[in-house]
Q: 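The following block contains the structure, expressed as structure tokens.
One-based numbering along the sequence shown.
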Amino acid sequence: MSKIEMKTPLVEMDGDEMTRIIWQEIKDELICPFIDLKTEYFDLGLKKRDETNDRITVDAAEATKKYGVAVKCATITPNQARVSEYGLKEMYKSPNGTIRAILDGTVFRAPILVKGIEPNVRTWEKPITIARHAYGDVYKDSEMKIKGPGKAEIVFTDAEGNAQRQTVFDFKEGESGVFKGEYNVLSSIESFARSCFMFALDRKEDLWFSSKDTISKKYDHTFKDVFEEIYEKEFKDSFEKAGITYFYTLIDDAVARVMKSKGGFVWALKNYDGDVMSDMLSSAFGSLAMMTSVLVSPHGYFEYEAAHGTVQRHYYKHLKGEETSTNSVASIFAWSGALRKRGELDNINELCDFADKLEKATLETIESGKMTGDLVLITSLKNPEKLSTEAFIKEIANRLSKLL
């Protein structure tokens with residue numbers, strides 16, 4: 001068969017460690033044999049980010065604005081151990097955080113359901129989609145290590161030079177500690193809320209939003225107020241006609257309710273909360289590598305990525321020449337999601353059809369009993385066959401060829 005032609009490039013953001021290895025195998029086995037792939041390539045591996053002083057991350061985000069659709073491999077957010085391991089100039093911030101701040105969107109993450117992998121929470125019957133605010137919060141904070149005596153303050157100085165200040169803590173003589181400041185902007189919170197309401201309407205699912213406004217009476221309470229105001233003014237009638245509801249509760253109450261729910265709703269969360277809860281849900285639904293993730297910007301930008309990390313432990317095994325059995329499903333679905341969206345925007349039906357069949361081939365491979373080690377441990381299928389990282393992708397490629 002002739003390869004499917006693309007009109008507009010995807011922005012491709014390469015990553016780190018084992019997911020970088022998988023990324024190339026997916027392209028070699030599942031994408032390039034069937035598609036005349038056009039990408040604007042950015043290497044967001046940690047060494048290249050260090051070499052460019054992280055400028056390449058900004059360039060990748062700006063390219064996403066230009067082309068509209070991006071696909072991203074998992075990347076390392078370095079801690080002190082990583083700074084030493086890679087000999088970095090500094091402890092760079094999360095590349096995801098940088099990209100999300102520039103694109104100003106909402107991250108929607110949902111489990112990939114497949115026969116034979118049942119949720120750990122027995123009451124869950126339908127998927128739960130996490131809607132994660134993707135701007136500011138802890139990912140763009142400013143932090144200090146400090147030693148007393150001294151006073152830690154929050155200060156805001158307006159354009160006329162008038163200052164508002166508030167004491168956070170008085171550090172005593174010889175008392176050390178840490179101090180940080182976070183921010184958000186109303187326009188981003190409003191975009192987040194509208195994206196969530198529109199997404200829930202499109203799926204005809206209830207929308208939950210949770211924060212901790214009883215403790216954070218300004219920061220979190222602002223989120224609560226924005227959601228409530230936009231719902232009442234813009235979405236209440238539409239929700240009622242669709243037979244769905246908007247529901248607010250404190251995050252600790254929401255967690256308790258989620259664990260006893262049947263699923264089938266969208267759960268909107270602030271940036272850090274969404275980061276934590278999406279990993280909990282993905283693992284509880286089956287595997288960290290069985291979750292879709294897409295950043296949707298109100299400006300019309302889409303960035304698809306794997307929701308998990310770089311699988312460091314498997315990478316070290318790979319470097320030793322040992323066989324690995326790493327789950328590539330989330331990375332595959334990042335590619336299929338980006339290719340489908342590119343096809344939709346460019347009116348290339350063949351590209352959309354390819355994405356559908358790529359996902360079908362992936363799920364059929366698992367349902368046939370052939371899967372990676374993480375799924376073998378949790379599947380209800382009898383006598384599953386554990387495949388290596390490479391063998392699993394090749395098995396998908398065989399099925400994909402037949403579907404095409």
Q: State, without any angle test, whether E118 and S380 hold a side-chain donor-acceptor pair at a distance under 3.5 Å.
A: yes
Q: Is any side-chain N of the basic residue among K65 and D104 closer than 4.0 Å to the acidic one's carboxylate O?
A: no
Q: Counting only N and O atoms by type, is there a donor-acceptor contact under 3.5 Å from the side chain of T123 to the main-chain atoms of S261?
A: yes
Q: Pairs of donor and acceptor atoms involving the side chains of residues 32-39, under 3.5 Å and at least two apart or interchain, shall be tabulated with distances.
A:
residue, atom, partner, partner atom, Å
K38, NZ, M6, O, 3.3
T39, OG1, E12, OE1, 3.1

Q: Is the ring centre of F192 less than 6.0 Å from the ring centre of Y135?
A: no
Q: Surrounding NZ of K204 (heavy atoms of other residues, nucleotides or ligands, distance under 6.0 Å), is the total greater than 12?
A: no
Q: Identify the residue among Y248, W208, F209 that makes a ring-ring contact (aromatic ring centres under 6.0 Å, His included) with F227.
A: F209
Q: Any salt bridge (charged side-chain N to carboxylate O under 4.0 Å, His left out) pairs touching residues 375-390, not counting sequence neighbours?
A: none
Q: Going by side-chain hydrogen bond (donor to acceptor under 3.5 Å, both in side chains), name the residues that satisfy it together with T245, two or more places apart in sequence or in a different chain.
A: D206
Q: Partners of F199 by ring pair (Phe, Tyr, Trp, His ring centres under 6.0 Å), sequence neighbours excluded?
A: F108
Q: Applying side-chain hydrogen bond (donor to acceptor under 3.5 Å, both in side chains) to H308 and T19, what does each step give before you reach the verdict?
A: CA-CA 9 Å; H308 55 74; T19 43; 5.9 Å; no
Q: Taking all non-hydrogen atoms of both residues into account, name the closest pair between D50 and Y92 and its distance.
A: OD1-OH, 2.6 Å
Q: Indicate every side-chain donor-acceptor pair of residues 396-404 with a distance under 3.5 Å to a residue at least two apart or in another chain.
A:
residue, atom, partner, partner atom, Å
N398, ND2, K394, O, 3.4
R399, NH2, S368, OG, 3.3
S401, OG, A397, O, 3.0

Q: Show, in sequence, the C-alpha distance, side-chain angles and deciding distance for S336 and E359, and conclude whether the side-chain hydrogen bond (donor to acceptor under 3.5 Å, both in side chains) test is met.
A: CA-CA 7 Å; S336 62; E359 292 178 0; 2.7 Å; yes
Q: Would you check if the distance from the ring center of Y231 to the ring center of F239 is below 6.0 Å?
A: yes
Q: Which pair of non-hydrogen atoms, one from G136 and one from N271, has the smallest distance, and what is that distance?
A: O-ND2, 3.3 Å
Q: Which side-chain N or O atoms in residues 278-286 pair as donor and acceptor under 3.5 Å with protein atoms at least two apart or in another chain?
A:
residue, atom, partner, partner atom, Å
S278, OG, R109, NH1, 3.1
S278, OG, G274, O, 2.9
S278, OG, D275, O, 3.1
S282, OG, S278, O, 3.1
S282, OG, D279, O, 3.0

Q: Return the set of residues passing side-chain hydrogen bond (donor to acceptor under 3.5 Å, both in side chains) with D158 (not counting sequence neighbours), or none when no residue passes.
A: N162
Q: State, to 0.1 Å, how close V155 and A163 come at their nearest heavy-atom pair, and which atoms those are.
A: CG1-CB, 4.4 Å
Q: Any ion pair linking D59 and R55 (charged N to carboxylate O, less than 4.0 Å)?
A: yes
Q: How many angstroms lie between atom NZ of K48 and atom CZ of F42, to the nearest 0.5 angstrom?
A: 12.0 Å
Q: Mind checking ring pair (Phe, Tyr, Trp, His ring centres under 6.0 Å) for Y316 and listing every partner two or more places apart, or none if nothing turns up?
A: none
Q: Test of understanding: with ring pair (Phe, Tyr, Trp, His ring centres under 6.0 Å), list the residues that count as partners of Y86, not counting sequence neighbours.
A: none
Q: Restricting to side-chain hydrogen bond (donor to acceptor under 3.5 Å, both in side chains), what partner residues turn up for E125, sequence neighbours left out?
A: none
Q: Give me each pair satisfying salt bridge (charged side-chain N to carboxylate O under 4.0 Å, His left out) with a member in residues 71-83, each pair once, sequence neighbours excluded.
A: E17-R82, R82-E85
Q: Counting neighbours of NZ on K66 that are heavy atoms of other residues, nucleotides or ligands and sit closer than 6.0 Å, is the number greater than 12?
A: no
Q: My understanding is that only residues two or more places apart in sequence, or in another chain, count here; which of them pass ring pair (Phe, Tyr, Trp, His ring centres under 6.0 Å) with W335?
A: W23
